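Read the structure below first, then the notes.
One-based numbering, in listed order, for ligands and for the atoms of each. Just so we're clear, the structure is a prediction, and the values are computed from it rather than from any experiment.
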Amino acid sequence: MDSFHVSIFLLLLLPLLASSTDKQVYIVYFGEHSGEKTFQEIEQNHHSYLSSVKETEEDAKSCLVYSYKHSINGFAALLTPHEASKLSEMEEVVSVFRSDPGKYTLHTTRSWEFAGLQESRKWNNIMEKKDDLLLKSRYGKNVVVGMLDNGVWPESQSFSDKGMGPIPKSWKGICQSGDAFNSSHCNKKIIGARYYIKGYESYYGPLNKTLDFLSPRDKDGHGTHTSSTVGGRRVKNASAVGGFASGTASGGAPLVRLAIYKVCWAIPGKGKEDGNTCFEEDMLAAIDDAIADGVDVLSISIGTANPTPFDQDGIAIGALHAVKRNVVVACSAGNSGPAPATLSNPAPWIITVGASSVDRIFLSPVVLGNGVKITKAKGKIVMCLRGNGTRVGKGMEVKRAGGIGFILGNSKANGNELAADAHLLPATAVSYENGIRILEYINSSKAPKAYIVPAKTILDSKPAPFMAAFSSRGPSTISPDVLKPDITAPGLNILAAWSEASSPTKLSEDNRVVKYNILSGTSMSCPHIGGTSALLKAIHPDWSSAAIRSALITSAGLRNNEGNPITDASGNPADPFQLGSGHFRPTKAADPGLVYDASYMDYLLFLCSSGFKNLSSSFKCPKNSPSPGNLNYPSLAIPKLNGSVTVVRTVTNVGSSKSVYFVSAKPPPGISVKISPPILHFNRAGQKRSFTITVKKDSEITGTIEKDKYAFGWYTWSDGIHNVRSPMAISVA
Ligand SMILES: *[C@@H]1O[C@H](CO)[C@@H](O)[C@H](O)[C@H]1NC(C)=O
Ligand SMILES: *[C@@H]1O[C@H](CO)[C@@H](O)[C@H](O)[C@H]1NC(C)=O
Ligand SMILES: *[C@@H]1O[C@H](CO)[C@@H](O)[C@H](O)[C@H]1NC(C)=O
Ligand SMILES: *[C@@H]1O[C@H](CO)[C@@H](O)[C@H](O)[C@H]1NC(C)=O
Ligand SMILES: *[C@@H]1O[C@H](CO)[C@@H](O)[C@H](O)[C@H]1NC(C)=O
Ligand SMILES: *[C@@H]1O[C@H](CO)[C@@H](O)[C@H](O)[C@H]1NC(C)=O
Ligand SMILES: *[C@@H]1O[C@H](CO)[C@@H](O)[C@H](O)[C@H]1NC(C)=O
């Protein structure tokens with residue numbers, strides 16, 4: 001009950017603190033820099049805006065939190081709502097938005113899922129069988145992936161730089177010192193490390209150093225986990241809680257360079273297992289630096305369940321500037337599934353990643369028998385159902401009450417999704433159906449009895465993959481003209497490195513220290529795409545970030561290891577609002593045949609047609625911008641179709657010089673799709689060809705497609721070798 005009182009106290013306290021000063025951090029965004037100003041001139045310019053709304057020069061100086069000077073033009077400052085509104089009316093200001101302290105968090109599932117040890121086998125299999133991809137990409141050597149997260153545990157074997165060559169000459173980043181972290185903690189693997197906390201401290205006051213390190217060092221585990229998933233070295237026999245399984249832990253791009261940007265911090269008064277916060281102004285500063293430092297890929301496992309329009313979304317703004325410099329940006333879709341329209345990070349210049357299972361599970365069967373009736377937990381096995389609270393927290397309560405074992409039953413929505421957790425007592429998780437069976441047994445018996453068998457690791461479990469129930473779903477609430485998520489990758493029970501300053505459950509009652517841990521979330525799937533993007537970038541250094549995204553999307557797979565369509569956690573076929581174009585296939589993505597390219601200018605035009613008119617002083621929207629559906633995206637979403645719609649797409653030949661592609665399509669039920677021309681001839685690599693897609697509600701078929709309900713289909717360009725597949729989602733007005 002103690003923690004209950006503490007949280008109520010804080011809930012009362014924080015609004016008082018906020019209202020007593022009446023100032024909050026706002027971000028004032030100007031678009032891009034003209035390129036003519038020095039850093040000093042930029043800061044003076046930002047200062048002049050603040051001077052015009054503040055009473056004194058001193059106020060104008062002291063209220064500034066960040067001045068963004070590299071790529072992003074803007075600043076973050078402590079302002080009153082009135083001052084913010086005055087600024088928003090000024091010339092050259094694109095947007096002014098308040099930094100919402102609770103908006104962005106890391107995307108592990110709220111129930112921190114950890115456990116003994118297990119490698120992400122699907123992923124490793126893909127990588128091990130296809131060593132030619134790794135060889136071709138030289139394991140991602142000389143590609144730099146920037147991680148926006150909560151730091152790193154540099155001593156992990158996963159970050160060893162043994163045998164790695166010199167740091168790429170183009171690298172301009174730094175290794176920032178702080179608590180328990182200095183320049184000697186960077187090496188040829190972790191080539192940069194910085195932290196961003198001014199926004200956090202503007203809101204919460206100085207960091208409580210028992211909660212976190214004031215440095216790039218990770219006191220939580222999440223940042224170490226995602227970083228090692230992207231680029232960890234191969235570590236054999238990574239040890240585990242209980243040691244009941246062992247295997248090789250490896251990142252997707254084992255020789256890639258990592259640059260750590262710590263932007264997420266523990267929340268005062270809350271346990272680590274209860275979350276973290278990542279302030280927009282801190283993330284913008286990190287992205288602005290990362291672009292200038294020279295990262296090639298950004299992996300951001302951070303998001304919000306309530307995304308805001310693109311000009312008021314720190315990650316979207318930062319990512320747009322990154323993409324302008326051809327940095328690939330991969331973000332997690334969020335863990336707010338299975339409800340629809342829960343998606344995070346919907347900007348079309350971002351690769352939005354959903355989460356699915358792998359083909360390796362822990363089996364810890366429950367054997368039922370006869371015994372004494374469960375009345376008190378003491379000395380008993382207790383069964384709980386998933387719901388409010390964390391899974392490991394439930395286990396801990398059972399232990400606290402004297403229970404000797406714990407069965408966690410899935411709710412219906414969780415279906416067959418079983419997360420491996422490092423419970424503090426013998427425990428197992430069961431599917432919804434098996435949970436019902438156990439409950440029936442408990443009901444039917446006067447003296448229910450159970451025995452939990454020690455866990456075994458099962459390989460090649462079938463079906464795999466399936467979509468994790470927690471993975472957030474489309475359609476995008478911000479931009480329904482873009483089909484999101486883009487793709488799915490492993491995010492259920494992923495083994496990766498861990499911080500030794502944290503316990504595997506993050507519960508304060510848990511004193512165990514582990515080097516490797518299992519987590520679930522789109523936080524875990526996003527770095528799989530980050531790592532794959534690094535490999536693709538190494539193979540195709542001339543590809544744009546849009547080309548890399550296109551290659552991933554159009555080559556994704558739709559079938560599980562039983563040869564059937566990938567399902568959701570309950571066994572129903574998964575649709576593109578769950579899995580995007582499908583499960584990632586790195587090797588196929590390296591040779592996609594055709595790509596749908598898009599430039600920074602295309603994104604600006606998309607923003608114009610989506611109603612964002614004043615993007616920057618240096619760019620004016622044309623009078624008639626093409627409708628947002630015309631963004632050259634490798635998938636198609638048409639909300640509220642009325643009559644017929646025609647959009648244009650352009651593909652670039654990145655395969656063999658001479659090729660002929662034929663189109664095929666499976667229109668959504670009740671919709672007709674016409675693609676013209678149906679054949680595309682290419683004579684050389686790099687050649688572009690355009691075509692139109694006309695979708696029309698089929699008048700003869702009525703009632704097939706319900707109003708505002710989406711129906712799904714696809715179209716594919718094929719030359720007999722490459723199948724360039726695009727999913728589509730259409731709803732009728
Ligand atoms: C960095 O910190 C370590 C202790 O963690 C210390 O041994 C080392 O001398 C320090 N290096 C520098 C360059 O300060
Ligand atoms: C810092 O956090 C610890 C652990 O939550 C808490 O016990 C302590 O009171 C906090 N210190 C301050 C100054 O808030
Ligand atoms: C793997 O690790 C376990 C536990 O740390 C240890 O007992 C075992 O000897 C190791 N096996 C190998 C092959 O190194
Ligand atoms: C879960 O917690 C929320 C917020 O504390 C509460 O509103 C809701 O009723 C709880 N749901 C259940 C099933 O206990
Ligand atoms: C078991 O019994 C409880 C209490 O009578 C009831 O609410 C529940 O639905 C029963 N469950 C099953 C699976 O039969
Ligand atoms: C863009 O700026 C013009 C004039 O500065 C203003 O009238 C218009 O409302 C702005 N549009 C948007 C979408 O903010
Ligand atoms: C469909 O388009 C027609 C003609 O443009 C218009 O009159 C009608 O209101 C539209 N229907 C809906 C549901 O938007």
**Study point:** Short N or O distance, S183 and ligand 1, threshold 3.5 Å exclusive
**Key:** no
Review point. Is at least one protein non-hydrogen atom found at under 4.0 angstrom from atom 10 (C) of ligand 2?
Key: yes
Point to revise | Protein contact for atom 4 (C) of ligand 1 (heavy atom, distance under 4.0 Å) | key: no
Review point. Would you say the side-chain atoms of D149 and H222 include a donor-acceptor pair closer than 3.5 Å?
Key: yes
Point to revise | Identity and separation of the nearest protein heavy atom to atom 2 (O) of ligand 2 | key: N208 ND2, 2.2 Å
Check your understanding: Is the closest basic N to carboxylate O distance between D293 and R194 below 4.0 Å?
Key -> yes
Review point. What are the two closest non-hydrogen atoms of D212 and A266, and how far apart are they?
Key: OD2-N, 3.8 Å
Check your understanding: Considering only the protein, which heavy-atom contact is closest to atom 1 (C) of ligand 1, and what is its distance?
Key -> N182 ND2, 1.5 Å
Point to revise | Interfacing atoms of ligand 2 (cut-off 4.0 Å, heavy-atom, T210) | key: 1 (C), 2 (O), 3 (C), 4 (C)
**Study point:** Side-chain donor-acceptor contact under 3.5 Å, H46 with S67
**Key:** yes
Practice item. Just say parallel, tilted or perpendicular for the rings of F213 and W153, cut-offs at 30° and 60°. Key: tilted
Check your understanding: Going through the checks in order, is the salt bridge (charged side-chain N to carboxylate O under 4.0 Å, His left out) test met by E280 and K103?
Key -> CA-CA 8 Å; E280 268 167 305; K103 183 173 167 192; 3.0 Å; yes
Practice item. Using protein heavy atoms only, decide if any is under 4.0 Å from atom 7 (O) of ligand 1. Key: no
